[in-house]
Engineer: 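There's a structure below that I have some questions on.
The first residue in the sequence is number 1, and the count goes up from there. Only heavy atoms go into these numbers, but all of them, side chains included; no hydrogens, no water, no symmetry mates.
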Amino acid sequence: VELAYALAEGLRPAGQGVKHLSFSGCGPLFGRTDLDTPCRRWSDAALDYLLATPSIRTVVVSYRMNLHLFGEHEGVYPALPDAVPAAERARVWRAYVTMLERLVAAGKQVVVVLQAPELRKGIDDLALVEGERDAIVGVPRAWWEARQAFVRSHLTELPPGVTVVDPAELFCDADKCYAARGGAADYFDDDHLSMHGAQRLAGRILNLPGPVPAP
């Protein structure tokens, strides 16, 4: 929601708009004939809508992929979650790639936004513990790289022409991923970006060299 809002605000001066499609907690399920759930039906309907709407030229795709591939990190950190069977993980990833392939084949310019780094605790708890510091660490960069390893190792399977934006380039340095820097929180819980964080990420997307016009 925050990223869609930030993109819409950034595009407003250029006379462009955003159509926001989301389903809370819904992972990539496009084409999963083995499932008949509201999430799967919504996934198919959302893609059908995008493919049938030529005025939508650029599609920004964002999922909390690690949750759907491996499970929730809350209550598990600093261990790495491994609650999703390998066969199901493969089906989730295949549905994700198939959805992107369909969008690219339809002539859409596709921007994949990788998941923003998760935090070890919610931002409220971190702020209470660490006080009014200029920067609050979310997780070590090494932990996030390990959590994200499956996605990174499979990015070559995305269809040609997809642009990948990695939020870790904004929210991490070589050693740490941050929940807040410069006195402003980039998250509102342990994994969702605040408006401040979303505006930073939207700025990166809007200034890509081709897919999305800068305001």
Engineer: Do Val76 and Met65 belong together in a cluster built from hydrophobic side chains that touch within less than 4.5 Å?
Structural biologist: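 The answer is no; the residues belong to distinct hydrophobic clusters.
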Engineer: Under the ring pair (Phe, Tyr, Trp, His ring centres under 6.0 Å) test, which residues partner His68, sequence neighbours left out?
Structural biologist: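 In terms of ring pair (Phe, Tyr, Trp, His ring centres under 6.0 Å), with neighbours along the sequence ignored, His68 is linked to no residue.
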Engineer: Mind checking what makes side chain to side chain donor-acceptor pair (under 3.5 Å) contact with Asp48, not counting sequence neighbours?
Structural biologist: none
Engineer: Any salt bridge linking Asp82 with Arg89? Criterion: basic side-chain nitrogen under 4.0 Å from a carboxylate oxygen.
Structural biologist: yes
Engineer: To the nearest 0.5 angstrom, please state how far the OG atom of Ser62 sits from the CG atom of Leu193.
Structural biologist: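 Rounded to the nearest 0.5 Å, the OG-CG separation comes out at 8.0 Å.
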Engineer: Under the salt bridge (charged side-chain N to carboxylate O under 4.0 Å, His left out) rule, collect the residues that match up with Asp190, sequence neighbours excluded.
Structural biologist: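 Scan of Asp190 (salt bridge (charged side-chain N to carboxylate O under 4.0 Å, His left out), adjacent residues dropped) gives none.
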Engineer: If hydrophobic clusters are built from ILVMFWY residues whose side chains come within less than 4.5 Å, do Leu126 and Phe188 share one?
Structural biologist: no
Engineer: Output the distance between atom CD (Gln148) and atom CG (Asp166), rounded to the nearest 0.5 Å.
Structural biologist: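 Gln148 atom CD to Asp166 atom CG measures 6.5 Å (nearest 0.5 Å).
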Engineer: Would you say the side-chain atoms of His154 pair up with the backbone N or O of Phe150, donor to acceptor, closer than 3.5 Å?
Structural biologist: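 Answer holds: yes.
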Engineer: Between Met195 and Val165, is there shared hydrophobic-cluster membership here, with clusters defined by ILVMFWY side-chain heavy atoms closer than 4.5 Å?
Structural biologist: no
Engineer: State whether the side chain of Gln16 and the backbone N or O of Leu11 hold a donor-acceptor pair below 3.5 Å, judged by distance alone.
Structural biologist: no
Engineer: Between Ile123 and Asp189, is a side chain to side chain contact (heavy atoms under 4.5 Å, CB included) present by the stated rule, with each step listed?
Structural biologist: CA-CA 5 Å; Ile123 185 65; Asp189 58 11; 5.6 Å; no
Engineer: Taking all non-hydrogen atoms of both residues into account, name the closest pair between Cys26 and Trp42 and its distance.
Structural biologist: SG-CE3, 4.2 Å
Engineer: Who are the salt bridge (charged side-chain N to carboxylate O under 4.0 Å, His left out) partners of Glu2, not counting sequence neighbours?
Structural biologist: none
Engineer: Supply the members, apart from Trp144, of the Ile/Leu/Val/Met/Phe/Trp/Tyr cluster built from side-chain contacts under 4.5 Å; use none for a lone residue.
Structural biologist: Tyr77, Leu80, Val139, Trp143
Engineer: Applying salt bridge (charged side-chain N to carboxylate O under 4.0 Å, His left out), name anything that partners Arg204, two or more places apart in sequence or on another chain.
Structural biologist: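 By the salt bridge (charged side-chain N to carboxylate O under 4.0 Å, His left out) rule, Arg204 matches Glu169.
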Engineer: Donor-acceptor pair, Lys108 side chain versus Leu51 backbone, under 3.5 Å?
Structural biologist: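 No: the side chain of Lys108 does not pair with the backbone of Leu51.
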Engineer: Where do Gly71 and Ala83 come nearest, in terms of heavy atoms and distance?
Structural biologist: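 Where Gly71 meets Ala83 most closely, the heavy atoms are CA-CB, 4.4 Å.
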Engineer: Please find the pair of heavy atoms, one from Val137 and one from Arg120, that lie closest to each other, and give the distance.
Structural biologist: O-NH2, 2.9 Å
Engineer: How is the hydrophobic cluster of Leu29 composed, in terms of its other members, when Ile, Leu, Val, Met, Phe, Trp and Tyr link through side-chain heavy atoms under 4.5 Å apart, directly or indirectly?
Structural biologist: Leu35
Engineer: Before you tell me yes or no, could you show the steps for Arg91 and Asp34 under side chain to side chain contact (heavy atoms under 4.5 Å, CB included), namely the whole-Å CA-CA distance, both residues' side-chain angles and the distance that decides it to 0.1 Å?
Structural biologist: CA-CA 10 Å; Arg91 286 189 287 267; Asp34 59 315; 4.1 Å; yes
Engineer: Taking only residues two or more places apart in sequence, or in another chain, which ones meet Glu74 in a salt bridge (charged side-chain N to carboxylate O under 4.0 Å, His left out)?
Structural biologist: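 Salt bridge (charged side-chain N to carboxylate O under 4.0 Å, His left out) list for Glu74, sorted by chain: empty.
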Engineer: Within a strict 4.5 Å, meaning less than it, do heavy atoms of the Val113 and Val61 side chains meet?
Structural biologist: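 SC-SC contact between Val113 and Val61 ruled out.
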Engineer: If you take all heavy atoms of Val84 and Leu67, which pair is closest and at what distance?
Structural biologist: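 Shortest heavy-atom separation between Val84 and Leu67 comes out as CG2-O, 4.4 Å.
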Engineer: For residues Ala185 and His196, report the shortest heavy-atom separation together with the two atoms involved.
Structural biologist: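 Looking at all heavy atoms of both residues, the closest pair is O-CB, 3.6 Å.
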Engineer: For Tyr49, what residues pass the ring pair (Phe, Tyr, Trp, His ring centres under 6.0 Å) criterion, not counting sequence neighbours?
Structural biologist: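 Not a single residue meets the ring pair (Phe, Tyr, Trp, His ring centres under 6.0 Å) criterion with Tyr49.
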Engineer: With rounding to the nearest 0.5 Å, note down the distance linking CG in Leu7 to CD in Gln199.
Structural biologist: 10.5 Å
Engineer: What distance do Ile56 atom CD1 and Leu21 atom CG have between them, rounded to the nearest 0.5 Å?
Structural biologist: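 One gets 6.5 Å once the value is rounded to the nearest 0.5 Å.
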Engineer: Could you tell me the separation between the CD1 atom of Ile136 and the CG atom of Leu119, rounded to the nearest 0.5 Å?
Structural biologist: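 So the gap between those two atoms works out to 9.5 Å.
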Engineer: Holding to side chain to side chain donor-acceptor pair (under 3.5 Å), I want the full list of residues that pass it with His20, two or more places apart in sequence or in another chain.
Structural biologist: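 Ser22.
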Engineer: Sub-3.5 Å donor-acceptor pair from the side chain of Arg32 to the main-chain atoms of Arg40, do we have one?
Structural biologist: no
Engineer: Check the pair Leu155, Leu114 against side chain to side chain contact (heavy atoms under 4.5 Å, CB included), reporting the backbone distance first and the verdict last.
Structural biologist: CA-CA 10 Å; Leu155 287 179; Leu114 301 183; 4.1 Å; yes
Engineer: Rounded to the nearest 0.5 Å, how far apart are CZ of Arg147 and CG of Asn66?
Structural biologist: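 Arg147 atom CZ to Asn66 atom CG measures 4.5 Å (nearest 0.5 Å).
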Engineer: Under a 3.5 Å distance rule, please check whether Asp44 uses its side chain to pair with a backbone N or O of Gly31 as donor and acceptor.
Structural biologist: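 It does hold such a pair.
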Engineer: Is the number of heavy atoms from other residues, nucleotides or ligands under 6.0 Å of Arg41 CZ greater than 12?
Structural biologist: yes
Engineer: Could you note down all residue pairs passing side chain to side chain donor-acceptor pair (under 3.5 Å) where residues 174-184 supplies at least one of them, sequence neighbours left out?
Structural biologist: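 Those involving residues 174-184 are Asp173-Tyr178.
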Engineer: Hey, mind stepping through Val151 and Tyr96 against side chain to side chain contact (heavy atoms under 4.5 Å, CB included) and telling me if it holds?
Structural biologist: CA-CA 11 Å; Val151 171; Tyr96 182 64; over 6 Å; no
Engineer: Taking distance alone, no hydrogens or angles, what donor-acceptor pairs closer than 3.5 Å link side-chain atoms of residues 99-106 to residues at least two apart or in another chain?
Structural biologist:
from: Glu101; atom 1: OE1; to: Arg94; atom 2: NH2; distance (Å): 3.1
from: Glu101; atom 1: OE2; to: Arg94; atom 2: NH2; distance (Å): 3.2

Engineer: Count the heavy atoms belonging to other residues, nucleotides or ligands that lie under 6.0 Å from OH of Tyr5, then report whether that count exceeds 12.
Structural biologist: no
Engineer: According to a hydrophobic-cluster definition based on side-chain heavy atoms being under 4.5 Å apart (Ile, Leu, Val, Met, Phe, Trp, Tyr only), do Val97 and Val162 belong together?
Structural biologist: yes
Engineer: What closest approach, in Å, do Gly197 and Phe171 show between heavy atoms, and which atom pair accounts for it?
Structural biologist: O-CZ, 3.6 Å
